[in-house]
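Here is the structure we will look at.
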Amino acid sequence: MPLARASGELRNRIMLDAAFVRDHLDAVKANCTNRNVTADVDAVVRLDDERKRIQRLADETKAKQNQITDGFKKATPEERTKLKEESGKLKEQVAGFDAQLAEVEVKLRAALAVIPNMSHPNAPVGTDSAANVTVGEFGTKPAFDFKPKDHVDLCTSLALADFEAGTKVAGQKFYFLKNEGVLLELALVQYAITKLVAKGFTPVITPDLAKVDILEGIGFMPRDNAETRQVYTVADTDLCLIATAEITLGGMLAEQTIPEDQLPQRYVGLSHCFRTEAGAAGRDTRGIYRVHQFTKVEMFAFCTPAQSDAIHEEIRGIEEEIFNGLGIPFRVIDTCTGDLGGPAYRKYDLEAWMPGRGNGGEYGEVTSTSNCTDYQARRLKIRYRPKEKKGGGLPFVHTLNGTAVACTRALIAILENYQQADGSVVVPEVLRPWVNKERIVAKK
RNA sequence: GGAGAGGUGGCAGAGUGGUCGAAUGCGUCGGUCUCGAAAACCGAUAUACCUUCACGGGUAUCGAGGGUUCGAAUCCCUCCCUCUCCGCCA
């Protein structure tokens with residue numbers, strides 16, 4: 001099968017950052033420090049200067065060529081021979097400049113690629129998760145008068161999942177869902193999508209694979225070496241298994257210009273998610289907390305810069321509503337700068353209480369919502385056409401994403417919080433229309 | 001997978017080697033007219049990058065990449081995509 005080519009449009013995507021870096025050099029450097037990222041910011045300016053220099057030379061040479069062409073028609077035969085000769089020389093020069101330009105652009109792109117997005121002024125500053133701030137707590141942790149089981153025991157005793165079969169068929173960290181495990185997953189999907197459609201989100205089922213260019217535009221690094229790569233690549237193609245529908249939903253509008261009056265656009269996408277979990281070997285090996293494949297309902301929004309802060313709060317509110325609706329206790333974390341990753345400008349995590357986790361229960365991340373401002377839009381070339389025309393180019397949209405329901409993690413929280421002394425699990429009320437029972441009991 | 005047709009500006013749609021960044025229509029914006037509106041008329045209306053304090057100037061772009069030529073939307077090659085028909089299949 002032939003490899004699909006990267007489109008020319010996408011190829012130059014990261015170039016556009018250079019001017020911003022140049023204009024905010026100190027702020028960008030400080031941000032890298034806050035984010036605990038080592039990046040040669042000065043190299044960007046240096047390489048950008050070089051790029052401009054070469055481009056000017058190339059453009060001037062091309063202009064000369066065009067002049068020759070313009071004068072060709074009224075030239076005498078002798079003059080024409082001369083002009084052809086001259087044009088040939090210029091052509092060689094242009095080829096040289098273009099080659100240099102391509103080389104510098106590759107370097108510039110590489111230098112820009114490691115620079116993270118700027119950070120929200122209110123995001124807590126800190127280099128690791130210790131600096132994260134809890135900004136809200138919801139629900140009441142269940143008080144058990146028995147020793148609560150973890151989700152692995154519950155899955156096994158209630159026959160909701162088969163981990164051995166998963167390992168046999170696909171390897172460690174794969175699983176089969178069975179019985180009410182299946183019904184619960186489907187119910188969670190229905191619950192989330194139904195709720196979001198009612199809120200005006202457009203439902204989408206996305207591809208489970210996407211091209212490397214799209215992954216990179218969203219901020220993933222599929223070209224990393226196999227040891228550190230977070231996504232699966234498909235051999236002999238330029239495709240990856242997606243790690244989240246954020247990838248496909250964001251890519252959906254790549255290279256488009258959207259009229260301002262069509263913003264914001266809110267989508268709710270359903271997909272499978274595939275993660276190599278490179279670097280997580282040995283961690284969370286039990287059960288379905290950290291797996292290579294799971295199902296997720298994801299929110300995604302495209303909007304103007306003026307709208308993104310409010311939509312971020314809106315998405316966070318929806319995530320809270322979903323977990324409040326499920327009756328699961330959780331807390332909300334305002335992620336600190338060092339923990340934001342590359343694309344996020346600000347990020348909130350919802351951490352659900354998981355009574356079976358660790359020693360006597362622990363919080364575990366169940367959702368995450370990020371405002372990526374124009375970081376992804378620049379790379380994917382998603383612009384909007386403002387109502388009021390102003391000078392200088394079309395601005396980029398802002399993109400936001402947020403988990404509605406990550407099925408495996410939600411499943412853990414449900415099973416562990418809703419378990420009963422007799423080993424059964426009560427089905428959260430909002431899921432009963434789809435599960436069709438109030439309680440999951442052991443099979444005979 | 002096979003055969004055919006086609007990919008041009010916000011949209012529709014001309015353009016088959018030389019002022020073509022691109023006719024025309026529609027749309028949009030501004031103006032005239034009007035008490036106001038419609039209609040009519042006049043004008044403006046692609047994007048990116050480089051350059052300039054600014055006016056402006058330059059380069060590139062007609063699906064993508066490469067080639068022929070002094071010169072390519074127009075000719076040649078490769079690829080991608082869309083449509084129609086056939087085959088196959090959930």
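Lettering of chains follows the sequences in order, A, B, ..., and the numbering in each one begins at 1.
On the C1' atoms, B:rC76 is 13 Å away from B:rG17, given to the nearest whole Å. Of the P atoms belonging to B:rA14 and B:rG6, the separation is 12 Å, rounded to the nearest Å. Taking atom C1' on both B:rU74 and B:rU69, the two are 13 Å apart, rounded to the nearest angstrom. Separation of the C1' atoms belonging to B:rC62 and B:rC81 is 16 Å when rounded to the nearest angstrom. Taking atom P in both B:rG18 and B:rC75, the straight-line distance is 12 Å, to the nearest Å. Rounded to whole Å, the separation between the C1' atoms of B:rU34 and B:rC41 comes to 14 Å. Here, B:rC11 and B:rC85 have their C1' atoms 29 Å apart, quoted to the whole Å. Here, B:rA40 and B:rU47 have their C1' atoms 33 Å apart, quoted to the whole Å.
Nearer the 5' end of RNA chain B, as judged by each residue's closest nucleotide, is the contact made by A:Gln55, out of A:Ala58 and A:Gln55. Of the two residues near RNA chain B, A:Gln67 and A:Lys73, the one whose nearest nucleotide lies more 5' is A:Lys73.
Stacking of A:Arg266 on the aromatic ring of A:Phe300 is not recorded, the 6.0 Å distance cut-off and the 45° axial limit not both being met.
Judged purely by distance below 3.5 Å, without hydrogens or angles, the side chains of A:Glu319 and A:Tyr348 never pair a donor atom with an acceptor atom. Remark: the A:Thr76 side chain and the A:Arg80 side chain contain no N/O donor-acceptor pair separated by less than 3.5 Å. A side-chain N or O of A:Thr228 and one of A:Asn225 form a donor-acceptor pair less than 3.5 Å apart.
Between A:Lys91 atom NZ and B:rG66 atom P there is a gap of 13 Å when expressed in whole angstrom units. One atom, CZ of A:Phe97, and another, C1' of B:rC50, lie 14 Å apart when rounded to the nearest Å. Distance CZ (A:Arg53) to P (B:rC50): 15 Å, rounded to an integer number of Å. Taking atom NZ on A:Lys381 and atom P on B:rU47, their separation rounds to 11 Å, with Å as the unit. Between the CD atom of A:Glu92 and the P atom of B:rU69 there is a distance of 13 Å, rounded to whole Å. Taking atom NZ of A:Lys74 as the reference point, atom C1' of B:rG71 lies 15 Å away to the nearest angstrom. Between the CD atom of A:Gln65 and the P atom of B:rG18 there is a distance of 19 Å, given to the nearest Å. In this entry the distance linking CD of A:Gln256 with P of B:rA46 reads 21 Å, nearest Å.
Of the listed nucleotides (B:rC50, B:rA48, B:rC70), B:rC70 has the atom at the smallest distance from the side chain of A:Ser87. With B:rU59, B:rU47, B:rC70 as the choices, the nucleotide that has an atom nearest any side-chain atom of A:Lys62 turns out to be B:rU59. Looking at the side chain of A:Arg385, the nearest of the listed nucleotides B:rU51, B:rU59, B:rU47 is B:rU47. Of the candidate nucleotides B:rU59, B:rA48, B:rG71, B:rG71 has the atom nearest to the side chain of A:Thr69. Taking only side-chain atoms of A:Arg51, from C-beta outward, the nucleotide of B:rC50, B:rU59, B:rC70 with the closest atom is B:rC50.
For B:rG17, there is no paired base (Watson-Crick or G-U wobble, both distances below 3.5 Å). When both pairing distances are held under 3.5 Å, B:rU74 makes no Watson-Crick or G-U pair with any nucleotide shown. The nucleotide B:rA46 finds its pairing partner in B:rU61, both defining distances of the Watson-Crick or G-U wobble pair being shorter than 3.5 Å. B:rA40 and B:rU32 make up a base pair, with Watson-Crick or G-U wobble contacts both under 3.5 Å. The partner of B:rU84, taking Watson-Crick or G-U wobble pairs whose two distances both stay under 3.5 Å, is B:rA3.
Across all strands, A:Arg80 comes closer than 4.0 Å to no nucleic acid atom at all (heavy-atom distances). Backbone-only engagement by A:Asn66 is indicated by non-hydrogen atom pairs under 4.0 Å involving sugar-phosphate atoms exclusively.
Ring geometry for A:His292 against A:Phe174 counts as tilted: the plane angle lies between 30° and 60°, on a 0 to 90° scale.
Contact check on A:Lys443 versus A:Glu180 returns a salt bridge, with a Lys/Arg side-chain nitrogen under 4.0 Å from an Asp/Glu carboxylate oxygen. Between A:Glu79 and A:Lys82, none of the side-chain N atoms (NZ, or NE/NH1/NH2) sits under 4.0 Å from a carboxylate O, so this pair counts as no salt bridge.
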